[in-house]
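One structure is given here, and the rest of the page talks about it.
Because the structure is predicted, anything quoted here is derived from the model rather than measured.
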There are 2 protein chains.
Amino acid sequence: MFADQGFAGTSLRSIIGAANVNLAAVHYHFKSKEALLEAVVLRRLGPLNQQRLDLLNECERRAEKGGPTVEEILNAFVTPAVTLIHHTAEGCLFGKLLGRLHWETRPSFAILARKHFNPLFQRFQAALSKALPGVPAEQLLWRMHFAIGAMAHTLTSSDTLEVVSQGLCRSSDAVPELIDFLSAGFRASSPVQRRRKLSERRS
Amino acid sequence: MFADQGFAGTSLRSIIGAANVNLAAVHYHFKSKEALLEAVVLRRLGPLNQQRLDLLNECERRAEKGGPTVEEILNAFVTPAVTLIHHTAEGCLFGKLLGRLHWETRPSFAILARKHFNPLFQRFQAALSKALPGVPAEQLLWRMHFAIGAMAHTLTSSDTLEVVSQGLCRSSDAVPELIDFLSAGFRASSPVQRRRKLSERRS
DNA sequence: GTCTATAGGGGGATAGAC
DNA sequence: GTCTATCCCCCTATAGAC
């Protein structure tokens, strides 16, 4: 319900109705509405982030000298989350919740999100930096930012894409399509000349 | 306020407080809270979408035979929106609102968003399809989906990136970085072989 | 541990005076 | 057109019986 309607848009009363419990039980077991959300998120996000790290470690261990490819690193980051959306209905909902978490603005959420995301982010930043020695730090951060946006939007809205495309795009293709797209973006060469050209054209 | 706290998270009472008006005035002039949001959005979204179409038409007119490049098309789509975030504070807020609109789930919002987004989407889909004859329709839709996610996330959260990167990434670089990244993604070749390989690795 | 009952404060919308 | 006062509902959280 948090996934579909957002935090502010979901009342505890609608939750207890769906769960056939009473209101006091929520506060007894979880203390507050925000703490309930945190519990809902953490139950699955912990294992999911661990899975991402395991995949990354594994492909680094297996890699020839020079480390894993961009595709392998992105695969470790993206796949555990994005495969959620075409498995169980529950996984699909958690995927939406996960995507939403990236742009909830309540201070307590931002803290929650960063607490469980920053270590992961830095680990993947280091791996990508090694795999892409030609990309300056600033640019790598921008590209990770874009990748997170594309991934989060896929988590929250790929069902919309299925409808808009009239069934042409299926969620089961999301992972390979996303990795193809992102890895090409990360590898993009960006001659200063071309960037200047676009800037001038805009002004 | 809608941009920062979302629709459900923003009360009319907090709005009238900030605007120094009374509650009845809102309902007299806008009829309802949802209609107020629609008015807020439409005042700026109409001109912005027109600007995107104008830019696209202009670069198509100016292009040599073969039509405009992917970069030019993406520039027409992305720039009018993303330049919002590093101009006025008001523009920055509207950028956030615009990004948020892509993943508000209330039925009335979905209708609003698609009503003003679908025509634009189809126009750009046609242009991109022409510029990328080797990319099948299904894949192009996925890539537009990813591009929208990256753009929307940039609109809503690039201030976070400025903080996380400790000032290394500045919003004024968002447009060229985004266009570099996306255009490479759109041009990506995707040998079926590689995609199968990744799929197998996952299973 | 579990429940009912209620506190105590918003929420959006509206009636009716001016 | 504008404002005050108010309706009526829903919200989170808690007290206190069992």
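- For A/Thr10, the side chain to side chain donor-acceptor pair (under 3.5 Å) partners two or more places apart in sequence, or in a different chain, are A/Gln5.
- Residues satisfying the side-chain contact (heavy atoms from CB on, under 4.5 Å) criterion with A/Gln125, sequence neighbours excluded, are A/Phe121, A/Gln122, A/Leu140, A/Leu141, A/Met144.
- Residues B/Ser11 and B/Ser14 have side chains that bring a donor and an acceptor to within less than 3.5 angstrom of each other.
- Residue pairs meeting the salt bridge (Lys or Arg N to Asp or Glu O under 4.0 Å) criterion with at least one partner in residues 47-60 of chain A, sequence neighbours excluded, are A/Glu58-A/Arg62, A/Glu60-A/Arg123.
- Atom CD1 in A/Ile16 sits about 9 Å away from atom P in D/dC11, given to the nearest Å.
- A/Asn22 places its CG atom 15 Å from the P atom of C/dG1, with the value rounded to the nearest Å.
- The separation between B/Asn20 atom CG and D/dC3 atom P is 11 Å, rounded to whole Å.
- D/dG1 atom P lies 5 Å from atom OH of B/Tyr28, rounded to whole Å.
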How would nucleotides 7-18 of chain C be written as a contact map, 5' to 3', with B for base contact, S for sugar-phosphate-only contact and - for no contact, using protein heavy atoms under 4.0 Å?
----BBBB----
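- The side chain to side chain donor-acceptor pair (under 3.5 Å) check on A/Ser129 picks up nothing, with sequence neighbours excluded.
- Applying the side-chain hydrogen bond (donor to acceptor under 3.5 Å, both in side chains) definition to pairs two or more places apart or across chains, none involves residues 111-121 of chain B.
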